[in-house]
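In this chain, numbering begins with 1 at the start of the sequence shown. Because the structure is a prediction, the values reported are computed rather than measured.
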Amino acid sequence: MDISFEKVGRFTPEQFWENCQSAARINISTLILDMDCVEPKAFMEGLRQYRSYRNQVPVIVIALDRQDDDGMIHQLAEMGITVITTAPGTNPKSIIKALIKLQPGNNQTSGTEIIEDSEFNMERIKDKIYRYTSRLTAAPLHGADVMDLELPDLPVQERVIIQDRIIGTITVAVAGAESKMGATHFSILIANYLNRKGYKAAVKEANNSRDFSRIEHAYEGIKDFVSQTTHFNINGVEYYKSSSSEDMSKLISYGYDYLILDIGNMEDNDWGHEFYRAGVQIIVGSGSEWRQPQIVQFREKHKHMDQSNWLYCIPFIEKLGIKDIRKEIPGNLIYRIPPHPDPYKTQSDTDALLNNVLKKYLGEKKKASTKNILYSIIGACVLTIIILVIVLLVKL
């Protein structure tokens with residue numbers, strides 16, 4: 001006999017993790033999850049927790065309104081998880097049959113009959129959008145509430161949950177699968193995106209191209225402009241030229257939220273080793289069909305390194321080309337960079353891409369504490385009083 005219980009709603013990370021642990025304590029035939037029931041990072045963590053205990057149980061994930069190149073969808077598929085997804089703007093009626101088939105107890109009812117039922121409306125679908133469902137295979141429980149059962153405790157690793165917050169500098173390294181892949185352009189896109197989000201960002205020219213000097217020249221717009229500085233600022237982002245003497249420790253000591261390393265070609269590059277140490281590792285490859293093998297060769301050349309967190313970003317490529325590259329590079333996330341000729345202008349599609357690429361690394365921005373602000377006000381008042389006293393004494 002099939003028995004099901006359902007958790008419905010939008011969950012906090014702690015609630016979702018607790019539900020996953022509860023499901024892991026029960027012998028179930030299928031676990032069905034809605035990817036929108038909790039924030040993405042918490043969803044993946046809860047799913048990993050569940051599979052660490054029940055790795056043989058099939059998992060089905062429902063993900064509505066998703067782009068073809070959604071990195072999280074492909075990550076789930078690579079984990080061997082069945083994903084039911086729809087493209088943005090898809091008629092909700094197209095998911096009715098899938099929803100019905102996934103619900104326990106509907107084996108005797110045809111999808112067509114339910115769709116044609118005048119009482120069947122989209123409100124019933126909406127009730128199923130945010131859900132956490134487990135299908136159970138067990139003996140009859142005579143109406144007992146599954147969640148009230150005495151379940152055996154499983155060893156659960158103690159965790160300390162800390163609210164995401166930027167502590168220190170997050171390093172983002174951008175390298176090219178070969179020369180002239182657009183690593184500098186993409187580094188600037190990343191820096192400007194983070195700057196618009198309110199983070200303090202800097203870009204280091206970690207190569208010998210001297211492109212930053214030409215960027216500064218173009219920004220100043222002065223004929224025969226010659227700069228003797230080793231760094232400059234454009235729209236709140238600090239750019240450090242290759243001629244600057246700052247090493248990593250010095251750059252990090254400046255207190256940036258994000259430091260983007262424009263490494264480019266890693267061959268004969270003194271900064272190449274920093275790519276392996278970076279918190280975010282991005283490789284920019286070519287979308288041209290005849291140059292795509294270079295991406296595979298790049299990966300093979302560095303096979304001695306841990307590549308589990310490498311993110312591949314490909315410009316000037318169609319969605320079909322992205323699928324071909326995913327087949328050649330299983331296990332890594334592949335993203336399509338939309339056409340974006342001016343990195344200093346905002347584009348919604350590029351912002352959406354960068355949000356997908358960096359969302360795992362975006363924390364809550366540090367805010368000045370109320371105590372520090374109060375001390376600053378008191379200090380300013382004291383200074384003002386001292387100045388007034390000095391002026392009065394001078395007049396006397």
**Asked** What are the two closest heavy atoms between S244 and Y240, and how far apart are they?
**Response** OG-CB, 4.0 Å

**Request:** List the steps, then state whether side chain to side chain donor-acceptor pair (under 3.5 Å) holds for E267 with N265.
**Result:** CA-CA 6 Å; E267 298 296 325; N265 189 359; over 6 Å; no

**Point-to-point distance, once rounded to the nearest 0.5 Å, from CG of N332 to CD1 of I295** = 11.5 Å

**Prompt:** Hey, which of I337, D324, I325 is the one that makes side chain to side chain contact (heavy atoms under 4.5 Å, CB included) with I317?
**Reply:** I325

**Asked** Got a donor-acceptor contact below 3.5 angstrom from the R326 side chain to the I334 backbone?
**Response** yes

**Asked** Taking side chain as C-beta onward, heavy atoms only, is F16 less than 4.5 Å from Q49?
**Response** no

**Request:** Show the numbers, then the answer: is there a side chain to side chain donor-acceptor pair (under 3.5 Å) between D262 and T184?
**Result:** CA-CA 6 Å; D262 172 23; T184 298; 2.5 Å; yes

**Request:** Report whether F186 and F316 are members of the same hydrophobic cluster (ILVMFWY, side-chain heavy atoms less than 4.5 Å apart, transitive linking).
**Result:** no

**Request:** With K200 as reference, evaluate D257, V237, T169 under the side chain to side chain contact (heavy atoms under 4.5 Å, CB included) test and give the passing residue.
**Result:** D257

**Message:** Run the side-chain contact (heavy atoms from CB on, under 4.5 Å) test on E216 and K241 for me, step by step, so that the C-alpha distance in whole Å, both residues' side-chain angles and the decisive distance to 0.1 Å come before the verdict.
**Reply:** CA-CA 10 Å; E216 183 186 23; K241 302 176 185 178; 2.6 Å; yes

**Message:** L353 and side chain to side chain contact (heavy atoms under 4.5 Å, CB included): which single residue from N356, V357, N355 fits?
**Reply:** V357

**Asked** In Å, rounded to the nearest 0.5 Å, how long is the span from NZ of K359 to NZ of K41?
**Response** 12.0 Å

**Mutual orientation of the aromatic rings belonging to Y239 and Y344 [parallel < 30°, tilted 30-60°, perpendicular > 60°]** = tilted

**Prompt:** Which atoms form the tightest heavy-atom contact between V284 and A183, and what is the distance?
**Reply:** CG2-CA, 4.4 Å

**Prompt:** Below 4.5 Å, heavy atoms only, C-beta onward: do N233 and E238 meet side chain to side chain?
**Reply:** yes

**Message:** Any non-hydrogen side-chain atom of D270 less than 4.5 Å from a side-chain atom of N208?
**Reply:** no

**Message:** Is any side-chain heavy atom of F232 closer than 4.5 Å to one of E220?
**Reply:** no

**Whether F298 and H302 hold their rings parallel, tilted or perpendicular, with breakpoints at 30° and 60°** = tilted

**Asked** Between CD1 of I390 and CG of L392, what distance do you get to the nearest 0.5 Å?
**Response** 10.5 Å

**Prompt:** Where do V61 and F43 land on the side-chain contact (heavy atoms from CB on, under 4.5 Å) test, with the steps shown first?
**Reply:** CA-CA 11 Å; V61 172; F43 181 88; 3.9 Å; yes

**Asked** Do the side chains of I188 and I234 get nearer than 4.5 Å, heavy atoms only?
**Response** no

**Message:** Can you confirm whether E318 is buried at CD, in the sense that more than 12 heavy atoms of other residues, nucleotides or ligands lie under 6.0 Å from that atom?
**Reply:** no

**Request:** Output yes when a side-chain donor or acceptor of Q292 lies under 3.5 Å from a complementary backbone atom of G287, and no otherwise.
**Result:** yes

**Least distance between heavy atoms, I283 atom then A177 atom** = CG2-N, 3.9 Å

**Request:** Begin with the C-alpha distance, continue with both residues' side-chain angles, and end with the deciding distance and a verdict on side-chain contact (heavy atoms from CB on, under 4.5 Å) for M72 and M44.
**Result:** CA-CA 9 Å; M72 192 168 173; M44 296 303 293; 3.5 Å; yes

**Asked** How many angstroms lie between atom CD of Q294 and atom OG of S179, to the nearest 0.5 angstrom?
**Response** 10.0 Å

**Message:** Whether the side chain of H340 engages the backbone of D342 through a donor-acceptor N/O pair (distance < 3.5 Å, no angle test) should be reported.
**Reply:** yes

**Asked** So do the side chains of I190 and Y258 get within less than 4.5 Å of each other, counting heavy atoms only?
**Response** no

**Request:** For R196, check salt bridge (Lys or Arg N to Asp or Glu O under 4.0 Å) against everything at least two apart and list the hits.
**Result:** D351

**Message:** Donor-acceptor check, side chain of W17 to backbone of A42, threshold 3.5 angstrom: yes or no?
**Reply:** yes

**Message:** Using only atom types and a distance under 3.5 Å, with no angle test, would you say the side chain of E205 pairs donor to acceptor with the backbone of S242?
**Reply:** yes

**Prompt:** How about F212 and H231: do any of their side-chain heavy atoms sit closer than 4.5 Å?
**Reply:** no

**Asked** Does the side chain of V172 reach to within under 4.5 Å of the side chain of Y361, using non-hydrogen atoms?
**Response** no

**Straight-line distance of M248 CE to S253 OG, nearest 0.5 Å** = 10.5 Å

**Basic-acidic side-chain contact under 4.0 Å: E246, K204** = no

**Message:** Would the distance check show the side chain of E274 and the main-chain N or O of L261 forming a donor-acceptor pair, the cut-off being under 3.5 Å?
**Reply:** no

**Request:** Search all heavy atoms of M181 against all heavy atoms of G285 and return the closest pair with its distance.
**Result:** SD-C, 3.6 Å

**Request:** Please assess Y193 against T350 for the test side-chain contact (heavy atoms from CB on, under 4.5 Å), listing each intermediate value before the final yes or no.
**Result:** CA-CA 9 Å; Y193 168 78; T350 303; over 6 Å; no

**Request:** Please answer whether the main-chain N or O of T229 pairs with a side-chain N or O of S227 as donor and acceptor at a distance below 3.5 Å.
**Result:** yes

**Prompt:** Does D211 come within less than 4.0 Å of R214, counting only side-chain N to carboxylate O?
**Reply:** yes

**Fill in**
Value for CD1 (I170) from CD1 (I252), rounded to nearest 0.5 Å, stands at 11.5 Å

**Request:** For A63 and I73, work out which heavy atoms get closest and say how close.
**Result:** CB-CD1, 3.4 Å

**Message:** Using every non-hydrogen atom in the two residues, find where L31 and A23 come nearest and quote the distance to one decimal.
**Reply:** CD1-CB, 4.4 Å

